[in-house]
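Shown next, in structure tokens, is the structure this report addresses.
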Amino acid sequence: MDTVIARIDPSNPDPGMISRAGGIIRSGGLVAFPTETVYGLGGDALSGDSSRAIYAAKGRPSDNPLIVHIADMKSLGRIVKSVPDKAYALAEKFWPGPLTMIMDKSDEVPYATTGGLDTVAVRFPSDPVAQAFIRAAGGYVAAPSANLSGKPSPTSGKYVVEDMDGRIDMILYGDDSVIGLESTIVDLTGTSPVILRPGYITLEMLRSVLPDVSVDTALLADDDKTPPKAPGMKYRHYAPKGDLVIVEGERPEVIQYITDKLVADASLGKRTGVIASTQTASSYKADVVLDMGDASDHDEIARRLFGLLREMDDEEVDSIYSEAVSGEGVAAAIMNRLLKAAGHNIVVLGDIQT
Ligand code: AMP
Ligand code: MG
């Protein structure tokens with residue numbers, strides 16, 4: 001398949017290009033598009049065939065449901081059984097934005113889109129290109145992240161081209177994603193709201209609107225054994241080709257530990273990599289040292305993380321050490337993604353208070 005790669009200026013999107021992309025979705029095709037979280041791989045959410053095509057293009061298991069993207073509040077009613085008051089409250093504060101809400105689905109949403117579930121995940125993104133595209137596409141775009149299954153979510157058009165060229169009809173190639181982590185997912189189908197996937201919208205932020213929000217116990221377990229409620233969370237996403245170990249502790253001990261490991265790995269002929277903060281990056285002697293950003297700037301680290309994991313793959317590194325990120329909120333979402341990428345391989349040094 002020939003993939004049209006359309007450069008798009010986010011401050012002035014070409015209406016002809018947007019309407020062409022929308023037309024592709026309406027006629028059953030697939031288009032990758034930028035959003036503020038990561039790039040999405042879109043198809044018509046109300047068409048089972050389109051959703052099946054998305055799974056095929058990604059190589060994604062079809063029990064892993066898709067998020068339905070809308071571009072205005074009034075579109076919500078058609079795809080859910082009823083809009084819970086709590087959804088209005090959260091939407092008021094966080095939509096458009098990086099928050100996905102799970103609600104009971106209406107009959108209009110095919111099971112192919114929801115992975116066989118009676119619930120549907122909905123998000124109203126803030127990215128202007130995404131909004132224009134969703135409107136042109138008819139209002140309902142099902143989209144997972146636009147990466148091949150098993151690769152990090154793409155935060156830049158170049159990674160979408162890398163994974164999807166030849167597999168889909170069109171790529172809207174805009175700017176890099178400003179957030180860089182997938183949306184926060186909150187389940188509104190139970191008695192109280194539950195966070196199924198942490199993200200840029202943090203527990204504290206959600207609780208400022210709904211004090212009874214809690215976190216899925218499977219996320220808190222931080223292991224691979226407790227089954228998560230968001231089906232997608234059970235897959236080991238974002239796994240780099242090399243072995244990734246996260247190292248947590250006081251800064252000097254972390255540097256010492258990683259340095260010792262680098263020496264040992266190098267003596268075994270391994271190609272080594274380190275993902276470190278701006279403050280510590282120059283302390284390491286590895287084949288590849290990547291700067292994740294200022295240790296206290298979690299937004300910057302979130303924006304860079306998935307790109308760094310891809311760079312490590314491109315560099316064909318055998319063993320990778322990443323400094324842990326400490327703190328709450330976005331830092332917790334970053335650690336969630338890092339832990340998944342590392343298959344929960346973390347070394348905690350010394351006497352850490354958590
Ligand atoms: P992605 O689009 O790649 O960010 O992945 C979508 C995530 O949303 C996956 O982790 C899914 O398991 C989750 N998800 C989508 N729909 C539902 C749903 N109805 N119930 C629970 N989780 C969902
Ligand atoms: Mg994904």
Side-chain angles (χ1 to χ4, degrees), residues 30 32-43 45 50-51 54-55 57-70 76 79-81 84 87 97-106 108-125 127 130 134 140-155 159-160 163-164 177 179-190 193-201 215-219 227-239 302 305-307 309-310 333 336-337 340-341:
L30 302 182
F33 62 103
T35 84
E36 69 277 19
T37 58
V38 300
Y39 273 73
L41 168 53
S50 293
S51 291
I54 291 174
Y55 290 118
K58 258 186 87 92
R60 173 173 179 148
S62 59
D63 68 342
N64 187 356
L66 307 174
I67 294 173
V68 180
H69 293 72
I70 57 175
L76 182 57
I79 52 172
V80 300
K81 253 197 188 136
L99 177 69
T100 296
M101 296 191 239
I102 313 272
M103 290 167 259
D104 290 321
K105 80 173 193 71
S106 76
E108 295 230 32
V109 184
Y111 281 111
T113 301
T114 66
L117 299 175
D118 287 313
T119 55
V120 61
V122 190
R123 186 164 94 82
F124 178 177
D127 184 288
I134 294 163
Y140 301 94
V141 173
S145 47
N147 52 287
L148 285 173
S149 198
K151 292 260 220 135
S153 295
T155 49
Y159 299 132
V160 181
D163 282 12
M164 289 298 152
S177 312
I179 292 179
L181 297 179
E182 305 88 345
S183 57
T184 304
I185 301 180
V186 59
D187 183 0
L188 297 179
T189 62
V194 180
I195 296 176
L196 305 186
R197 177 171 75 186
Y200 191 78
I201 306 292
V215 177
D216 182 14
T217 48
L219 287 179
K229 288 205 194 72
M233 299 294 281
K234 73 177 178 240
Y235 298 105
R236 185 170 172 239
H237 279 178
Y238 333 120
L305 179 66
F306 289 149
L309 294 176
R310 282 189 181 249
N336 166 267
R337 303 311 194 275
K340 275 162 62 89

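Every number for a ligand or one of its atoms is a count from 1 in the order of the listing.
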Inset, instruction - List every atom of ligand 1 that sits less than 4.0 Å from any heavy atom of L117, numbering the atoms from 1 in the order shown and giving each element. - result: 18 (C), 19 (N), 20 (N)

Legend entry - Sub-4.0 Å heavy-atom contact, G40 with ligand 1: no

Inset, instruction - Would you kindly specify which portion of T119 sits under 4.0 Å from ligand 1, judged on non-hydrogen atoms: side chain, backbone, both or neither? - result: both

Inset, instruction - Measure K105 to ligand 1 on non-hydrogen atoms and call it side chain, backbone, both or neither using the 4.0 Å cut-off. - result: neither

Legend entry - Short side-chain to backbone donor-acceptor contact, D163 and L148, under 3.5 Å: yes

Legend entry - Heavy-atom check, side chain of L30 versus side chain of M164, under 4.5 Å: no

Inset, instruction - Give the atoms of ligand 1, by number and element, whose distance to some non-hydrogen atom of I185 is under 4.0 Å. - result: 7 (C), 8 (O), 13 (C)

Legend entry - Sidechain-backbone polar pair: T35 side chain, A130 backbone, donor-acceptor under 3.5 Å: no

Inset, instruction - Could you list which atoms of ligand 1 come closer than 4.0 Å to a heavy atom of A121? - result: 15 (C), 16 (N), 17 (C)

Legend entry - Greater than 12 external heavy atoms within 6.0 Å of Y200's OH: no

Legend entry - Nearest-option assignment for atom 23 (C) of ligand 1, heavy atoms, candidates V122, L196, D187, I102: I102

Legend entry - Check: N147 and F306 side chains under 4.5 Å, non-hydrogen atoms: no

Inset, instruction - Ignoring angles and geometry beyond distance, decide whether S145 reaches within less than 3.5 Å of ligand 1 through its nitrogen or oxygen atoms. - result: yes

Legend entry - Non-hydrogen atom of T114 closer than 4.0 Å to ligand 1: no

Inset, instruction - Say whether R197, considering both its backbone and side-chain N or O atoms, lies within less than 3.5 Å of an N or O atom on ligand 1. - result: yes

Legend entry - N, O or S atom of N147 closer to the Mg ion (ligand 2) than 2.8 Å: no

Legend entry - Distance filter under 4.0 Å to A143 heavy atoms, resulting ligand 1 atoms: 2 (O)

Inset, instruction - Output the distance between atom NZ (K81) and atom OG1 (T119), rounded to the nearest 0.5 Å. - result: 10.5 Å

Legend entry - Electrostatic pair R123-E182, nearest N-O below 4.0 angstrom: no

Inset, instruction - With the side chain counted from C-beta on, respond yes when S145 and P154 share a heavy-atom pair under 4.5 Å apart, and no when they do not. - result: yes

Inset, instruction - Would you mind listing which atoms of ligand 1 come within a distance below 4.0 Å of any non-hydrogen atom of N64? - result: 9 (C), 11 (C), 12 (O)

Inset, instruction - Taking the side chain as every heavy atom from C-beta outward, state whether M101 and V122 have any atom pair closer than 4.5 Å. - result: no

